[in-house]
S.K.: 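Handing you a structure now.
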Number of protein chains: 2
Amino acid sequence: MALSAPANKPLCGGDKISVRLEQRELPVHSPKRVLFLDLVLSLFRLNGLLIAEGDAMTKQLGLTHARWKVIGAIALSSAGLTVPGIARVLGQSRQAVQRITDVMVEDGLLLYTENPKHKRSALVTLSEEGKETYNLLREVQDPWAIENTEDIPTEELETTLRLVRRLIKKFN
Amino acid sequence: MALSAPANKPLCGGDKISVRLEQRELPVHSPKRVLFLDLVLSLFRLNGLLIAEGDAMTKQLGLTHARWKVIGAIALSSAGLTVPGIARVLGQSRQAVQRITDVMVEDGLLLYTENPKHKRSALVTLSEEGKETYNLLREVQDPWAIENTEDIPTEELETTLRLVRRLIKKFN
DNA sequence: TGGTTAGTGTCAGCATGTTGTCATTTGCAC
DNA sequence: GTGCAAATGACAACATGCTGACACTAACCA
């Protein structure tokens, strides 16, 4: 096995090794089933790659993927979000989000502000520093998004997004 | 916020809360860019949901997502895989895979067998118990795959898979 | 009003994954 | 054959995420 991946980077296939869903020792099923399982496996890989992309992209900003996800969620919400609210948006446990936001408040990126609708559950907002960071995030994220979509037809993006949303709804 | 998610489950939105990529305080960009960022966020959520699905599906088998990913990768490889090989297939670091396989060997699911091509790097194979587990895995996975695709046109699955693969190649 | 149910904060334990580091082995070019 | 770069194994530190548990608060209904 002579591959050229750096020793400590996630080794993200795509080189000589590629997995196809072969049918071995088990009866063949519908091609759609194979298609779907193949898609699921590919989604796992794409997820990892996207996180790696984001981390590389935001390393200079001192962000990690957990952090820019939170910043993005807050920045995109018009109404204001609580910790469990962010968790719902990101599809994670509230405990996981709580831990991240606690550290980010300590680091001065976020603020807990009073929530008129709930005495205990504070609203999480961007501090001035957090807003600046978000703007910097946008500055690297936008060119990245544009660059990666310029050769992809809008219709394909729409079809994919629709299917992904459909699956999300299904598993929700 | 009156939601009905169990207290300790990943709170996977989709209910009243939905994030749309609004443009606030920043110039509007191409709709494609918004589409793409929306897709990325959705993929994060779908990834979490798929893992949760898989975990729920395989809980009775005593598997976790890290484990059925490994079992699946080994079962689908015709040539035999080393630890770094599995890592490449799954798009993860070899260290992470090594830890999982070590435990799975201890648990009797996997075997390290001699690798004629490499003195130090053993081939990871399924033990008898591992093969049984894989068959059980297939028994729950296949109906799941069929159930979740019966109302989705094959062409959409193909378009999505193609796009996902394209992105994988791009980030690889 | 009082009670029940759901949502939230908090702490702890554990599983997973990345990165860094270093020694050792392989493979390849010379 | 030698030497070097890449691959691998091994260990450690750290970030992230899930689950369980328990107390407290909010919301809702009879």
Side-chain angles (χ1 to χ4, degrees), chain A residues 1-12 15-17 44-45 47-49 51-52 54-56 59 62-70 81-88 90-104 107 112 115-124, chain B residues 1-12 15-17 44-45 47-49 51-52 54-56 59 62-70 81-88 90-104 107 112 115-124:
Chain A
M1 256 180 248
L3 291 161
S4 53
N8 289 319
K9 286 263 178 75
L11 300 160
C12 300
D15 26 23
K16 286 108 201 173
I17 291 163
F44 286 148
R45 287 185 53 186
N47 181 72
L49 289 172
I51 288 177
D55 279 351
K59 197 169 190 177
L63 294 177
T64 62
H65 59 275
R67 295 181 171 216
W68 48 256
K69 279 186 194 173
V70 169
L81 287 175
T82 62
V83 166
I86 297 171
R88 278 186 290 269
L90 297 181
Q92 293 178 346
S93 70
R94 64 201 165 82
Q95 295 93 329
V97 174
Q98 184 83 60
R99 183 164 46 185
I100 300 292
T101 56
D102 282 351
V103 182
M104 289 175 77
D107 290 353
Y112 290 140
N115 185 353
K117 293 182 182 169
H118 198 299
K119 209 181 292 178
R120 277 186 91 200
S121 195
L123 287 178
V124 186
Chain B
M1 257 181 248
L3 292 161
S4 54
N8 289 320
K9 285 261 178 76
L11 300 160
C12 301
D15 24 25
K16 285 107 201 173
I17 291 165
F44 286 148
R45 286 184 54 186
N47 181 74
L49 290 172
I51 289 178
D55 279 350
K59 196 169 190 178
L63 293 177
T64 60
H65 60 273
R67 293 182 173 218
W68 49 254
K69 279 185 194 175
V70 169
L81 285 175
T82 62
V83 166
I86 298 172
R88 277 186 290 270
L90 297 181
Q92 294 178 344
S93 71
R94 62 201 167 80
Q95 294 92 330
V97 173
Q98 183 82 60
R99 182 167 45 189
I100 300 292
T101 55
D102 282 350
V103 181
M104 290 176 77
D107 291 352
Y112 289 140
N115 184 354
K117 293 182 185 171
H118 199 298
K119 208 181 292 179
R120 277 184 92 199
S121 194
L123 287 178
V124 186

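Please read all numbers here as calculations on a predicted model, not as lab measurements. Naming convention: chains lettered A, B, ... in sequence-line order (proteins, then strands); numbering from 1 in each chain.
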S.K.: Please give, in whole Å, the distance from C:dT18 P to A:Asn47 CG?
M.R.: 11 Å

S.K.: Which nucleotide in the list D:dC11, D:dT19, C:dG9 gets nearest to the side chain of A:Gln95?
M.R.: D:dT19

S.K.: What is the separation between atom CG on A:Asp102 and atom P on C:dT10, rounded to the nearest whole Å?
M.R.: 7 Å

S.K.: Once side-chain contact (heavy atoms from CB on, under 4.5 Å) is applied, do any residues pair with A:Ala96, and if so which ones, sequence neighbours excluded?
M.R.: A:Ser93

S.K.: For residues A:Leu123 and A:Pro116, report the shortest heavy-atom separation together with the two atoms involved.
M.R.: CD1-CD, 4.4 Å

S.K.: Assign B:Lys117 to base, sugar-phosphate, or nothing according to its heavy-atom contacts below 4.0 angstrom with the strands shown.
M.R.: sugar-phosphate

S.K.: D:dC18, C:dT25, C:dT8: which one has an atom nearest the side-chain heavy atoms of A:Pro84?
M.R.: C:dT8

S.K.: Is the shortest side-chain heavy-atom distance between A:Tyr112 and A:Val124 below 4.5 Å?
M.R.: yes

S.K.: Checking contacts here: which listed nucleotide (C:dT26, C:dG9, D:dT8) is nearest the side-chain heavy atoms of A:Gln98?
M.R.: C:dG9

S.K.: Let me know the distance between CZ of A:Arg120 and C1' of D:dA23, rounded to the nearest Å.
M.R.: 8 Å

S.K.: Between C1' on C:dT8 and CZ on A:Arg88, what's the gap in Å once rounded to a whole number?
M.R.: 10 Å

S.K.: Give the minimum heavy-atom separation between B:Ile100 and B:Ala66, together with the two atoms involved.
M.R.: CD1-CB, 3.8 Å

S.K.: When you compare the protein's N or O atoms with those of nucleotides 14-16 of chain C, which come within less than 3.5 Å of each other, and at what distance?
M.R.:
{"from": "C:dT16", "atom 1": "OP1", "to": "B:Thr64", "atom 2": "OG1", "distance (Å)": "2.3"}

S.K.: Side chain of A:Arg94 only, heavy atoms from C-beta on: which candidate in D:dA21, D:dT25, C:dT18 is closest?
M.R.: D:dA21

S.K.: By nearest heavy atom, map A:His118 and B:Ser121 onto DNA chain D; which one lands nearer the 5' end?
M.R.: B:Ser121

S.K.: B:Arg45 and A:Gly91: which non-hydrogen atoms are nearest, and at how many Å?
M.R.: CG-N, 4.4 Å

S.K.: Roughly, in whole Å, what's the span from NZ in B:Lys59 to C1' in D:dG20?
M.R.: 11 Å

S.K.: List for me each residue that meets side chain to side chain donor-acceptor pair (under 3.5 Å) alongside A:Asp107, sequence neighbours excluded, and say none if there are none.
M.R.: A:Arg67

S.K.: Output all residues satisfying salt bridge (Lys or Arg N to Asp or Glu O under 4.0 Å) with B:Asp55, sequence neighbours left out; order by chain, then residue number.
M.R.: none

